[in-house]
Structures are given as C-alpha cells and as structure tokens.
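Here is the naming used below: chain letters follow the sequence lines, and residue numbers restart at 1 for every chain. Because the structure is a prediction, the values reported are computed rather than measured.
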Amino acid sequence: MNSRQIRQTFLDFFASKDHAIVTSAPMVVKNDPTLMFTNAGMNQFKDIFLGNSPANNPRIADTQKCLRVSGKHNDLEEVGHDTYHHTMFEMLGNWSFGNYFKKEAIDWAWELLVDVYKIPVDKLYVTIFEGDEKDGVPMDLEAHALWSKYLPEDRILKGNKKDNFWEMGDSGPCGPCSEIHVDIRSEDEKAMVNGRDLVNEGHPQVIEIWNLVFIQFNRKASGQLEELPAKHVDTGMGFERLCMVIQNKQSNYDTDVFQSVITQIGYLAGKKYGADEKADIAMRVIADHLRAISFAITDGQLPSNNKAGYVIRRILRRAVRYGYTFLDFRKPFIHQLVQVLAQNMGGAFPELIRQQELVVNVIREEEDSFLRTLETGIKMLDTIIETTKKNLGSEVNGNVAFELYDTFGFPLDLTELILREQELTVNRDEFELAMEAQKNRSRSATQLETGDWIELQQAEGEGFVGYDNVESKIKINRYRKVKGKKGEFYQLVFNTTPFYAESGGQVGDSGTIELNGNKVEIFDTVKENNLTVHLAKILPANPEGLFTARVNIHNRSLTENNHTATHLLDHALREVLGTHIEQKGSLVNPDSLRFDFNHFQKVTDDELLRIQERVNQLIRANEKKDERREVPIAEAEKMGAIALFGEKYGDKVRVIKFGDSVELCGGTHVESTGTIGQFIILSEGSISAGVRRIEAITAVKAEQYVETRLKTLKEVSSLFNNPADLKGAVEELFLKFQLLAKQAEAFEKENAGKLKRELLNQVETINGINFLGQQLKVDNSAILKDIAFQLKGELGNLFLVLAAEIDGKANIHVMISDNLLAEKGMNAGAIVRELAKSVNGSGGGQPFYATAGGKEPAGIPVLLQNARKLLI
RNA sequence: GGGGGAUUAGCUCAGUUGGCUAGAGCGUUUGACUGGCAGUCAAAAGGUCAUCGGUUCGAUUCCGAUAUUCUCCA
C-alpha cells in the first residue's frame, strides 16, 4: 500500500463507521494565545471539549497537518538525527463527542490495524493507565478488559500518569489513555530482548503509533478532578509511522512519503542517500523541513522576524544550514524541491499545487537572505580568528560567539565548524551563560499573570448579536484578572454581546457597559478559543447585574467603511491584475485598511490608478449589502464566494455580497457601498517575496486627506501669485535656483581666491619659515578651511594661522607644511591648543592641520602675535 | 513583548580613542585606442554620512528620541 492509499483507507474506514470526514484545519492557529501551531489532531476541536461550542457531529475523523517546534512538544533539534522525529507530520484521528466511548474506540482501532492494514498481531503491544492515588483515579480496568479480548496478558502493559494520562493543560478536560505500540525489529533482535521491555523506552523500532484518549474528567483550577457528564474519545495516529510499519521499512524517511523528495535532494547534491551518515541526516532534515515550511506558507504564514513567522524562518534556516554544511550547497536549492513535494502530496492537500509558485518564490527569497547572513558572519568570523591567533589563543570567547549568533544570526554549530578547521574552539560555558541571560530577560518581560475564571452566573444568551445590534442587555457570566507588565485589566465574558471580537483582520470593538448610571469602558474585544472576551481596566461595581452594552458606533462605522472597501479592493485587484490574486492578510481599523496579496511584480502606477478608480466606481454604484448567514459551505462555493487558505471555516458560513464581490466573511459591513464615500490608495509595496501590500483610507479620512492636499496646493500656488501653470512655475524656479547656487559657489570661490592672493602678499619670512597670521572677516568656517588648504598647496615651508569671529566666537585654523613637521618638530594640534588660551578656548586636530574655538574673540590679535613669537 | 545590531554615492560596503576639506569596488557619463562590438586606459559626475534634539571650539564618529531594517529570545 502506498501512502496515499493508507491515508484514504483510514478515512474510508471511519466513514463506514458513520464518522463525518472533515478537512484538516490550518497548521497556523489563530485565536488561541497558548498555541502558535496545530500540534495535535484535537486542536481544531478544542472549543468543543472546553464546552465553548456545540459539536455539529458526534463522530468525526480526519487527517490533520501538525507542527511541533515550540512549547511542550519541541522536537526541532532531534529531527533528522533519528528516523522518526518530524517537525510537520500528519495525525490521523477519530473523535467521539459524547457519543461512543472505550469499547468502540478500542474495537475499531484493532479492526483497522489488524484486519484492514494487516499488521501482524505479534508485533503489537498496548498500554493502559495504572491509576493514580493522589488524583483518586483507579486503574483503567475497562480498557484492560477490552484489550484482553485481543491480546494476551503479557502484551498489555500498565503505564503511569506521565505516559497514560492525558491533560489539555493545567486545568480542563483530561482522562486516561491507551496506547498501541508496534515492534518492528528483526526476529533475531526480538529473541535477544523482549519487546515489552522496550515499550516507551525511546527505542526507534518499538514505537507508539496510536494513542486513544478517553476524556472522562475535568480538572478544576484547584487540581481536583470531577467526572464529566458527557465523555469523549480523542485519538491520534502518526501517519508517517503507520506508513513505515505497513510498508515494512525501518525508518519513516524510507517510506514513499519522503523518498521522492530525498531522491531529488540527492540528485541536486550529487550524493546518494544511505552512503554517508552525515549527508543522510542533512537530507532527512531538509526533506522534513521542506514540508513544514511549504505547508506553513500555504496556510498563510510567511517567514518573518517574530512570532509564528519567525519559527518558520528558523526551520527553513536549519534546513539551509544542514545543506550548507553537509551537502555543500552554496546557492539556494530548497525551492527546487517544492515541485516534487507538490506532486507527492498535492492530491491530499490541493493548496500545495494551487500556491506552488508562491511557495517557491518565498523559499528562494528566504534562502537568498540567509546565505547573505552567513556570508557576513563568515567575514566577521575571519577577523575573530585573526585576532585570536594573534593573541596566541586557542579558544574564542563565548560572548563573542554569542554576539555573532544573537545579533547577526550566525549559528553556533557553523561557528564551531569553521573554528575547528583553524584548530580553535568556542568557550561553550560562556555562550550558554549569555544565552540563559537572554532567555531570562525575555521571560521576565513577557510575564503575564492570569487569574482563575470567576464564575458569576450561567445566564443563557445568544452569543454575538452585533451584526444586528450595537446595543443590548447583557449579563457577565464570568471574569478574571490579568496582570501584565503594563498594569492589570479584566477579561469579561458575557452571555450575549454586541461587541465584535478581533478576527479576520477587523479590529475588536470598543465601547461601554452601563448599570444604574455607572459606566465601565470596554477598551478592546478579542477571541480566545472561540470565546468572546471583553477587556476592561476596572470591574463594574455590581457585576451580577443586567448591563446595557453599547458599542462605540463612531469607530465601528469607520471600521465598516474600511472593511467593505477591502472587499471591493479585492474584487478590483482581480479585475485589473488577474484572478490569481489571493488575500494573504489584512488589517481593518477605524483609521485605515491594509491588504496583502500575492502578485509577483510591482503594481504599476497606472494599474494602481485603475484599481482605485474601479473601487470608487463600485462605491458610487451604491451596491446594497446582501448578507446571508448559515449558508452551507458547498452552496457558498457555488455562489463563487472567495475563501481564504489558512482560515478555518465551519460547515455553515456567512456570505457577504456587494454586487459581484462575494466573500466568506465574519466581519461587519456598511449597508450599501455609497456610505464609504471615497477610497484613496496611500501606498503599495512589497512585504515579502511575491507578496504585495496596499494601504488605503476611506470616508472621512480620505476627505481630510484630499482637503489638506488641496490646501497645501492652494498655499503654494498663492506663493507664486496663482500662475496658470503651477508646475511650470515651480520648475522654472527650481532651474533658476540651481543656476544661482552655481553662481554663488563660483563667486565664493573667486572671493576666496582673491582673499588668498591678498593673503599671499602678507606672508613674511621669519627664520626661513613663511609665516602668515591674519584675522579675516568671513561668516563660515568652511571658507577658512578651504583657504588654508589652498595656501598649503601653493606655498611650501608654511606656518599659517587664520582667525575669524563667527557667531560671537573665535574660530582658529592652523596649517603647517609637511616638511616643517619633521624638520622643526612642529605640531599644529599642540600649537592650536596653546594659542587658544588667548581666546579662552580649546581645540585640536592632526599634526599638519588643526582648529580651535574660543569664547573671547577679543583675544584674537594677541593670539596672532603669540603665533608669530613661536618662530622667533 | 524584550535584548542586541545596522542606516555613509545608483548598488555592495570601508571609515578603531571626536579634527584625515568623506573613501573603495561595481555601475553611470565623457574622452582615447579599435573598421564595429567586446575590451583596455584616462577622466568626470554623483553624498543634508536616516530624521530630530543634546554634549563640544568642532559630531559621520559620543548621548537621547523617532523611523526603517536585520537578528536572537519569549
């Protein structure tokens, strides 16, 4: 069976057991502050488990794209060195939401593995939870009894809380789990060591492939467990491992999931997989990371310099680094692998094919920029090596290596590699110490103290009513206090709310809640795990009461103008630039709108103008809003609605139509486009390879913009006495100015020349040295400098002192011919410092030329006499 | 969100205790050699040293703020 068949078989199997098959959620997580990426199959159902949303279907199965690179599951540094860790992987899973429980979950798992996939029974082991006294949970005898039907006692192992009790977090849903392990060692090895001794011991060929979690408890903030009324099943099976087992391979990377890409890497590198351990590791790293990066990009997460984008960048750089070090790649190469990946996985994940060009471009750009980073790092390292060797050291200071890494992004392992060639090492302890200090700094800066939720009541409500109302009666169901570095605030959850929570690029609403004349301001509204959370600086006096919630209508309607304009812009972009345009991000707030989209060249001024004109045309057409809620997703697609990659949609969606613009959107919009008034594009630029950004304003802001521009224009025009051709007048003035500036420069030169000639007549020879000490009337010290250098060029054997009073201060310049420096041991710097005493000043410079300033210009004549005396 | 760095000619970058009337390479323009191209040689143009403020006799250099950008950590 190839990997495609294995995946499909899983889905077909659970479909036959009445499961709804859903698509994978995006790998990039939105609206969950605790998680950047989907790291398990259950993530997309988290809000169901938490009780925030109802389950539309009690039985679900899917394959989920997951990424484990940060937080609890951080496998990044392992990947490639062994044969079974991955950053991105697929997790096959089936779920029951208050429907079937342990019996069905275990029976079906067994049926699928043994009867369908034909995995030999004697390779399988299972584990069950042994119980925990502290939590008061007994051994999972139910699971034990179910497994006993299929396996002898010595293949059912008891596991502790760490391995066999699953928890979502410090609090929340949890329960015992039962894992299925498989032993794929050779018969010889099995004879030597019993497989049951290797389960959960980190052996690469005795591995867990499926985890069945039975969610039957809720852990309260106090740590106590309470039995859940509705019990759930959550399972996860590693797809790549399953393929390895079924295809009888010893490594995930030997399966067809990875081999096509690895073959291509080998071809590009001119090396064969399996010939050299280090090269093999590099190929595995690259094959793995390629998938992670490509899927992240298609899900809308571009590499960037912070947060999730930075994680993606780091993964890509790790791949480049391994290619650079072990496969001798010096030019971008990873982007050349995308095509093979798309061929291999595009069937199951069509977004890879659709966005292939973007993925290639983004990766190439990133590779280029990292190779540049490496180049500058190598240059810096060269000078470090040089100085270390000059000082006869054999070890490079760890802080220096850390600076190279921290500030310039040059990885430590590369530093060490290059140093080793020069027989140098890095002081690792110093490096680690500096690293630890940096981590502590970051941690203490981001510390957020989140208190427990305080449940006030469980008032029934309608959830979000803000599409139809901007004011409604609400009750506060629960709240908690959050303490950050910049003060503390409260998070409030209502039974019903007119406040729109930040989502889909539209900022959250602000406003007030009021009870008996006491108003509390809501300064922002955000979403957390599908829960609308209102942020307030203070807690209302009687939190249990019935409040009147009012959205700040002014900001809301400005935001709506911009949001609708964004849809019109999207539509216009497709008309003018082509239908390849896809949204890559957007920001909509009361002030302006920002729209990012894929396009591979600069949008020309002409195109921009046409886009702007088209949007304004659509505004004047005054298209009425056609809003449809609860549209089945298939029907929405038939309507031609534009969906976004990387956005998670439910079965039912909301469709917003304005004329021919049709989009899936949860945001708030104007009633008809005429309200927007006017649309002006402020800028167009690139934010990353293949992604452009347009910033624009509408309505009042656009009006103000035009007004100030017109006012400025009017003022400028009146400065020119309102000419018919203002542009011509300005150009003419500019030309005249240039001419005058040139003339002035020539005049000044001539003047300086004249001055210089006059000065030449004043030269007196004292003891064979040409001396000139004069006070000049100039208003700019640059002229003195210029004259000094000119005189030096014309007259040898010269000791020159020029002085002037500029802005009430004395300005002294001393110039000495080169020959005198050596012959007479004269030094302009020392001389000028000494002379400056006469004007109560100080100065300095080089031996042949120095300047000084002083606060008492009256002393200049004395100063000049003193200068003369130096020669006598 | 926090730390560190960078911003100098069209591009890539030098500029080490504050004073070298701000430099290099590539590119551009002009001239010479050549039948033409390529090329070689010669010369020139091109900079408010990111912006604003401070310290100083004097700031590209030191200090502070802002903007942009790179990088590491969370």
Interatomic distance at C1', B:G15 relative to B:U34, whole Å: 41 Å
Any pair counted as ring pair (Phe, Tyr, Trp, His ring centres under 6.0 Å), so long as it reaches residues 365-388 of chain A, sequence neighbours left out: none
Pair A:D288, A:T87: side-chain N/O donor-acceptor within cut-off below 3.5 Å: yes
Centroid-centroid under 6.0 Å between A:F402 and A:F431 rings: yes
Strictly under 3.5 Å: I want the nitrogen or oxygen pairs between protein and nucleotides 57-64 of chain B, one per line.
residue: B:C57; atom: N1; partner: A:S842; partner atom: O; Å: 3.2
residue: B:C57; atom: O2; partner: A:G853; partner atom: N; Å: 3.4
residue: B:C57; atom: N3; partner: A:S842; partner atom: O; Å: 3.2

Touch class at under 4.0 angstrom, heavy-atom based, for A:G409 against every strand present: sugar-phosphate
Sugar-phosphate only, base, or nothing, as touched by A:R833 at under 4.0 Å among non-hydrogen atoms: nothing
C1' gap between B:U8 and B:A59, integer Å: 14 Å
Rounded distance in Å between the C1' positions of B:U51 and B:G27: 28 Å
Ring pair (Phe, Tyr, Trp, His ring centres under 6.0 Å) evaluation trace for A:F410 with A:Y405: CA-CA 4 Å; A:F410 198 76; A:Y405 168 72; 9.7 Å; no
Parallel, tilted or perpendicular: ring planes of A:F333 versus A:F329, cut at 30 and 60 degrees: parallel
Among B:G2, B:G5, B:U71, the nucleotide that comes nearest once only the side chain of A:R441 is considered: B:G2
Nearest-angstrom distance from the residue atom CD of A:E365 to P of B:U69: 14 Å
Upstream residue (5' side of RNA chain B) when A:K439 and A:Y849 are each assigned their closest nucleotide: A:Y849
Distance-only polar pair, side chains of A:N427 and A:N397, donor-acceptor under 3.5 Å: no
Selection from B:U21, B:G4, B:G5 that lies nearest to any side-chain heavy atom of A:D406: B:G4
P-based separation of B:A6 from B:A14 [nearest Å]: 10 Å
A:R868 atom CZ, over 12 foreign heavy atoms within 6.0 Å: no
P atoms of B:G19 and B:C62, separation to the nearest Å: 11 Å
Presence of A:Y405 side-chain N/O under 4.0 Å of B:C73 phosphate oxygens OP1/OP2: yes
Nearest-angstrom distance from the residue atom CE of A:M380 to P of B:U16: 15 Å
Nucleotide B:U21, atom C1' - distance to CZ of A:F789 in whole Å: 5 Å
Which nucleotide in B:C73, B:G3, B:G4 has an atom nearest any side-chain atom of A:T407: B:G4
Selection from B:G3, B:A74, B:U21 that lies nearest to any side-chain heavy atom of A:R314: B:A74
Between A:S838 and A:N866: side-chain donor-acceptor atoms closer than 3.5 Å: yes
Donor/acceptor link under 3.5 angstrom from A:Q846 side chain onto base of B:C20: no
Between B:U71 (P) and A:L371 (CG): distance, integer Å: 13 Å
For atom CG of A:D368 and atom C1' of B:U12, their distance in whole Å: 15 Å
Atom pair distance, as rounded to whole Å: CG in A:N440 and C1' in B:C73: 11 Å
A:R372 vs B:U12: side-chain N/O to OP1/OP2 distance below 4.0 Å: no
Secondary structure of RNA chain B in dot-bracket form (Watson-Crick or G-U wobble, distances below 3.5 Å, | marking inter-strand pairs): (((((((..((((.....[...)))).((((((.....)))))).....(((((..]....)))))))))))).
Whole-angstrom distance between B:G54 and B:U7, as gauged at atom P: 23 Å
Interatomic distance, A:Y310 OH vs B:G4 C1' [rounded to whole Å]: 12 Å
Euclidean distance for C1', B:A9 against B:A45 (whole angstrom): 11 Å
Nearest heavy-atom neighbours spanning A:A828 and A:Y849: CB-N, 3.7 Å
Separation of atom CE in A:M36 from atom C1' in B:C73, rounded to whole Å: 11 Å
B:G18 and B:U48, which share atom name P, separated by this distance in whole Å: 25 Å
Lys NZ or Arg CZ of A:R330 over A:Y324 ring: under 6.0 Å, within 45°: yes
A:K756/A:E794 under salt bridge (Lys or Arg N to Asp or Glu O under 4.0 Å): CA gap, chis, key distance, verdict: CA-CA 10 Å; A:K756 184 187 73 188; A:E794 292 192 15; 2.6 Å; yes
